[in-house]
> 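Once you've had a glance at the structure underneath, I'll fire off some questions.
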Amino acid sequence: MTLFQTLKSRHLVEACTCDEAQMEKLLEKPLTVYAGFDPTAECLQAGNFVTIMTLAHLQRAGHRIIALVGGATGMIGDPSGRATERTLLTEEQVHRNLEGIKENLSRFLKFDDPLNPALLVNNYDWYKDYTLIPFLRQIGTLFRMKPMLAKDSVQKRLTAEQDSMTFTEFTYQILQGYDFYHLYKTYACTLQLGGSDQWGNITAGTDLIHRTLGNHIPVNGLTFPLVCDANGQKFGKSAGNAIYLNPEKTSYYDFYQFFLRTLDADAIRYLRIFTFLPEERIQELAASLAAHPEQREPQKVLAEALTRAVHGEKGLSIAQKASAVLFGGTLEGLTAPDLEAIFANIPSATLPRQAIIGHSILDILASSGFQKSKSEARRLLQGGGLSLNNQRVGEDFPLTPAHLIDNRLLLLRSGKKSYFLLRAAD
RNA sequence: GGUGGGGUACCGAAGUGGCCAACCGGGGCAGACUGUAAAUCUGCUGUCUCUGACUUCCUUGGUUCGAAUCCAAGCCCCACCA
């Protein structure tokens with residue numbers, strides 16, 4: 001199977017700037033390939049996995065990988081797929097984010113491979129010293145208005161009813177296009193990868209290179225589809241919150257659970273996209289899903305593979321242990337340190353002991369910050385959705401020292417999976 | 001700049017003097033059923049000292065026994081024209 005066929009079978013191909021047969025042939029020889037990452041957060045998100053996996057496939061096949069972090073473009077904001085303008089990041093934020101992103105990427109891409117190391121570049125490096133006039137003279141002159149205005153991302157914003165596009169955002173495609181030009185000149189990079197929403201930005205680059213250096217220059221773009229779940233929701237969000245790779249932002253447990261909760265209809269496709277499991281194994285899991293859907297074998301394999309890749313054996317083990325405790329039932333035999341470890345990243349609060357003992361559970365729910373207001377707490381309690389130390393609580397009552405695990409912890413839970421740890425301080 | 005329309009809870013959207021903490025839909029939160037699935041059904045969704053009280057319907061003043069609803073001024077948004 002050729003690399004291109006592999007990518008196709010893994011749902012990682014949407015479109016390319018040349019025809020597919022040509023692309024298939026191109027990928028047979030080692031190329032230098034790049035894809036961009038927005039440094040909008042201090043770490044990457046599950047939504048970045050598709051890009052990462054595609055790059056990883058290419059690196060495994062012997063291509064040289066460049067991960068471009070958009071230090072400069074991140075300060076501008078990509079208008080693609082957005083109805084409104086992004087909040088601009090500060091310079092310090094972007095620099096902080098770079099470090100985290102490299103760390104995340106290194107879980108999937110080899111940056112220190114002696115034969116074929118991946119590269120990490122930051123486009124801030126080649127834009128930072130530009131001042132306005134040289135930029136306009138040297139780079140601005142390379143672009144033509146008509147194609148820029150014709151871009152889908154621009155048209156959508158210009159015709160949008162509210163909130164029009166700023167010049168700053170409009171300039172984004174110049175930077176993005178010039179990135180490709182720069183990487184071609186510097187690293188002989190000839191292929192750019194991106195999500196299908198990046199089409200306009202990718203062609204801005206290939207067009208630029210063709211126009212300035214000649215149509216014979218073999219630069220191309222390859223896009224992969226944006227991943228949505230069977231309900232049409234964009235992949236990588238859980239209840240509106242992004243799933244981050246950084247355990248401080250998304251706990252091992254939440255990360256693992258996110259994949260474990262994958263819909264049946266998505267599980268097999270996700271295995272193809274997000275893991276390197278061979279097709280035979282995936283077929284087995286598909287059969288397992290069909291025969292015993294309640295076992296959720298594919299989901300378990302998926303969650304395990306990704307948690308291990310991102311968080312290592314240690315993170316996986318914590319996530320699994322936590323899952324067992326949280327879905328197994330009682331907290332029998334668990335000590336406060338156990339709970340602290342399992343719930344390390346779960347929302348928590350510390351209150352003085354005298355603010356807990358003798359106070360009603362209702363007051364505690366609100367005063368700890370677990371529930372937004374006392375009314376909300378009351379509704380939760382009346383609706384039968386509250387558990388204390390994994391035991392359903394039906395009505396209000398005052399707390400006694402007996403409720404404290406190891407004399408210092410309270411485990412509150414709303415519904416089935418929303419936990420909150422309350423510590424008593426002396 | 002001119003003319004017209006509009007600002008109601010997380011979003012959309014009713015309500016145009018008392019029956020309004022405000023119909024309805026979406027979303028969200030719980031409950032039942034389940035496989036930590038989907039679908040479905042049920043309840044809740046301003047705050048509190050919670051069978052009642054309090055603060056809300058852009059802002060500020062006013063009319064009135066009583067205003068989200070009427071009046072005035074201001075702020076903001078939209079459409080068409082220039």
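Heavy-atom basis, side chains included; hydrogens, waters and symmetry copies ignored. Just so we're on the same page: letters track the sequence lines, and every chain starts at 1.
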> Checking contacts here: which listed nucleotide (B:G35, B:U36, B:A32) is nearest the side-chain heavy atoms of A:R392?
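Ranking B:G35, B:U36, B:A32 by closest atom to the A:R392 side chain puts B:A32 first.
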> Closest approach to the side chain of A:L380, judged atom by atom: which nucleotide of B:U36, B:A30, B:G35 is it?
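Among B:U36, B:A30, B:G35, the one nearest the side chain of A:L380 is B:A30.
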> What's the shortest heavy-atom distance between A:N407 and A:P401, and which atoms?
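Heavy atoms only, the tightest pair is OD1-O, 4.5 Å.
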> Whole angstrom is fine here: how far is it from CZ in A:R413 over to C1' in B:U36?
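Result: 11 Å.
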> Could you state the NZ-C1' distance from A:K416 to B:G28, rounded to the nearest angstrom?
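Result: 16 Å.
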> What is the base-pairing partner of B:A32, counting Watson-Crick and G-U wobble geometry with both distances under 3.5 Å?
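The base-pairing partner of B:A32, which may sit in any strand shown, is B:U40.
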> Could you tell me the Watson-Crick or G-U partner of B:A72, where both distances fall under 3.5 Å? Say none if there is no partner.
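Here B:A72 is engaged in a pair, and the nucleotide opposite it is B:U60.
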> Given 3.5 Å as the limit, does a donor-acceptor pair link the side chain of A:Q59 with the main chain of A:N116, or not?
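Answer holds: yes.
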> Quick one: list whatever passes side-chain contact (heavy atoms from CB on, under 4.5 Å) with A:E279, sequence neighbours left out.
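Residues passing side-chain contact (heavy atoms from CB on, under 4.5 Å) with A:E279: A:R272, A:I282, A:Q283.
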> When you look at NZ of A:K249, are more than 12 heavy atoms from neighbouring residues, nucleotides or ligands closer to it than 6.0 Å?
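More than 12 heavy atoms, drawn from other residues, nucleotides or ligands, come within 6.0 Å of this atom.
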> Which letter, B, S or -, goes with each nucleotide of nucleotides 38-49 of chain B from 5' to 3', with contact meaning a protein heavy atom under 4.0 Å?
S-----SS-SBS
> At 4.0 Å (heavy atoms only), tell me whether A:T262 reaches a base, stays on the sugar-phosphate, or touches nothing.
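Result for A:T262 = nothing.
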> Write down the partner of B:G66 under the Watson-Crick or G-U wobble criteria, each distance required to be under 3.5 Å.
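By the stated definition (distances under 3.5 Å), nothing pairs with B:G66.
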